[in-house]
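One structure is given here, and the rest of the page talks about it.
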Amino acid sequence: QVQLVESGGGSVQAGGSLRLSCAAFGLTSSIYAMGWFRQAPGKEREGVARIYTSGGSTTYADSVKGRFTISQDNAKNTLYLQMNSLKPEDTAMYYCAADFRLRFSSSIRESDFGYWGQGTQVTVSS
């Protein structure tokens, strides 16, 4: 139903910034929420940020609050993640995901999202 394509990853020094993008193709009008997740080698995937497509309400993981900002351009069917004050522990593969169900969870749960992008690598050096 939906294809997601991430871009914008790369290598940056600690304290730097990156802006990730996720373009959605397909039945985008059926998406209720979009999220960003990340996964470091040997670790499970964790939720980073979530935004509701209608209204724009956002939720962030505690580890990125105050540093990351999730946003969307509905006209372009594009999701963004502005990452500032990057830390080495932010190094991971970052994925965008789409949720086709209306949910009200206060947490960002991987199981809530049914469609995933291929991922874009973010590497933060000290």
Side-chain angles (χ1 to χ4, degrees):
Q1 290 182 313
V2 167
Q3 290 181 302
L4 306 174
V5 181
E6 303 97 333
S7 62
S11 298
V12 65
Q13 293 184 338
S17 299
L18 284 173
R19 189 193 191 198
L20 306 183
S21 298
C22 174
F25 305 90
L27 200 62
T28 57
S29 62
S30 297
I31 299 174
Y32 286 107
M34 297 287 291
W36 285 101
F37 293 77
R38 65 187 182 186
Q39 185 170 27
K43 296 184 178 181
E44 64 182 16
R45 189 154 51 188
E46 64 174 340
V48 175
R50 179 188 64 200
I51 187 169
Y52 291 106
T53 55
S54 180
S57 179
T58 59
T59 302
Y60 296 92
D62 290 340
S63 59
V64 306
K65 286 181 179 178
R67 300 189 298 119
F68 290 10
T69 302
I70 187 171
S71 62
Q72 62 190 352
D73 185 337
N74 290 334
K76 296 181 178 180
N77 293 320
T78 302
L79 178 73
Y80 303 98
L81 184 67
Q82 178 66 48
M83 305 184 294
N84 299 325
S85 301
L86 283 163
K87 304 174 181 179
E89 49 263 47
D90 294 320
T91 295
M93 184 73 74
Y94 282 71
Y95 302 87
C96 66
D99 185 0
F100 278 75
R101 292 180 57 187
L102 180 61
R103 310 177 194 268
F104 303 97
S105 176
S106 60
S107 61
I108 307 165
R109 303 180 299 186
E110 179 180 355
S111 60
D112 290 342
F113 293 81
Y115 293 86
W116 298 81
Q118 188 174 351
T120 185
Q121 179 67 40
V122 172
T123 302
V124 184
S125 60
S126 60

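Every value quoted in this text rests on a predicted model; they were computed, and no experiment measured them.
Side-chain atoms of Ser57 do not come within 3.5 Å of backbone N or O of Gly55 as any donor-acceptor pair.
Pairing each heavy atom of Ala98 with each of Met34, the nearest pair is CB-SD, 3.6 Å. The two residues Leu18 and Leu86 have their closest heavy-atom pair at N-CD1, 3.9 Å. Gly119 and Tyr95 make their closest contact through CA-CD2, 3.6 Å (heavy atoms, listed as atom of the first residue, atom of the second, distance). A pairwise comparison of heavy atoms in Leu4 and Ala24 identifies CD2-CB, 3.6 Å as the closest pair. Here the closest non-hydrogen pair linking Val122 and Gly9 is CG2-CA, 4.2 Å. Nearest heavy atoms, Gly47 versus Phe37: CA-CD2, 3.3 Å.
The closest side-chain heavy-atom distance from Val5 to Cys22 is not below 4.5 Å. Between Arg45 and Met93 there is no side-chain heavy-atom pair separated by less than 4.5 Å. Proximity of Ile70 to Leu79: side-chain heavy atoms (C-beta onward) are separated by under 4.5 Å at one or more points.
Atom CD of Glu46 has more than 12 heavy atoms from other residues, nucleotides or ligands within 6.0 Å. Within 6.0 Å of the CD atom in Glu89, the count of heavy atoms belonging to other residues, nucleotides or ligands exceeds 12. Within 6.0 Å of atom CD in Gln121, more than 12 heavy atoms from other residues, nucleotides or ligands are found, so the atom counts as buried in its surroundings. Annotation for Arg101: atom CZ does not count as buried by contact number, only 12 or fewer foreign heavy atoms lying within 6.0 Å.
In summary, the aromatic rings of Phe113 and Phe100 are positioned with their centroids too far apart to meet the 6.0 Å limit. Checked against the 6.0 Å centroid criterion, the rings of Tyr52 and Tyr32 do not qualify as a close aromatic pair.
The side chain to side chain contact (heavy atoms under 4.5 Å, CB included) with Arg38 is formed by just one residue from the set Val64, Thr91, Leu81; it is Val64.
Separation of atoms CD (Gln72) and OG (Ser21) is listed at 13.0 Å; rounding is to 0.5 Å. Interatomic distance, Ser85 OG to Arg67 CZ, rounded to the nearest 0.5 Å: 7.0 Å. Here the CD1-CG distance, from Ile51 to Asp99, works out to 13.5 Å after rounding to the nearest 0.5 Å. Rounding to the nearest 0.5 Å places CG of Asn77 at 9.0 Å from OG of Ser29.
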Open item on the list: What verdict does the ring pair (Phe, Tyr, Trp, His ring centres under 6.0 Å) test give for Trp36 and Phe68, after you've listed the backbone C-alpha separation in whole Å, the side-chain angles of each residue and the deciding distance to 0.1 Å?
Closed with: CA-CA 11 Å; Trp36 285 101; Phe68 290 10; 9.9 Å; no
TODO: Could you please spell out the steps behind the side chain to side chain donor-acceptor pair (under 3.5 Å) verdict for Thr59 and Arg50?
DONE: CA-CA 5 Å; Thr59 302; Arg50 179 188 64 200; 2.9 Å; yes
Open item on the list: side chain to side chain donor-acceptor pair (under 3.5 Å), that's the test. Do Asn84 and Ser17 meet it? Break it down for me.
Closed with: CA-CA 4 Å; Asn84 299 325; Ser17 299; 2.9 Å; yes
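The pair Asp62-Lys65 counts as a salt bridge, with a side-chain nitrogen and a carboxylate oxygen less than 4.0 angstrom apart.
In summary, the side chains of Gln1 and Tyr115 do present a donor paired with an acceptor at a separation below 3.5 Å, with no hydrogens or angles considered.
Both Tyr94 and Val12 are members of a single hydrophobic cluster when ILVMFWY side chains are connected at heavy-atom separations under 4.5 Å.
The cationic atom of Arg19 (NZ for Lys, CZ for Arg) lies less than 6.0 Å from the six-membered ring centre of Tyr80 and within 45° of the ring axis.
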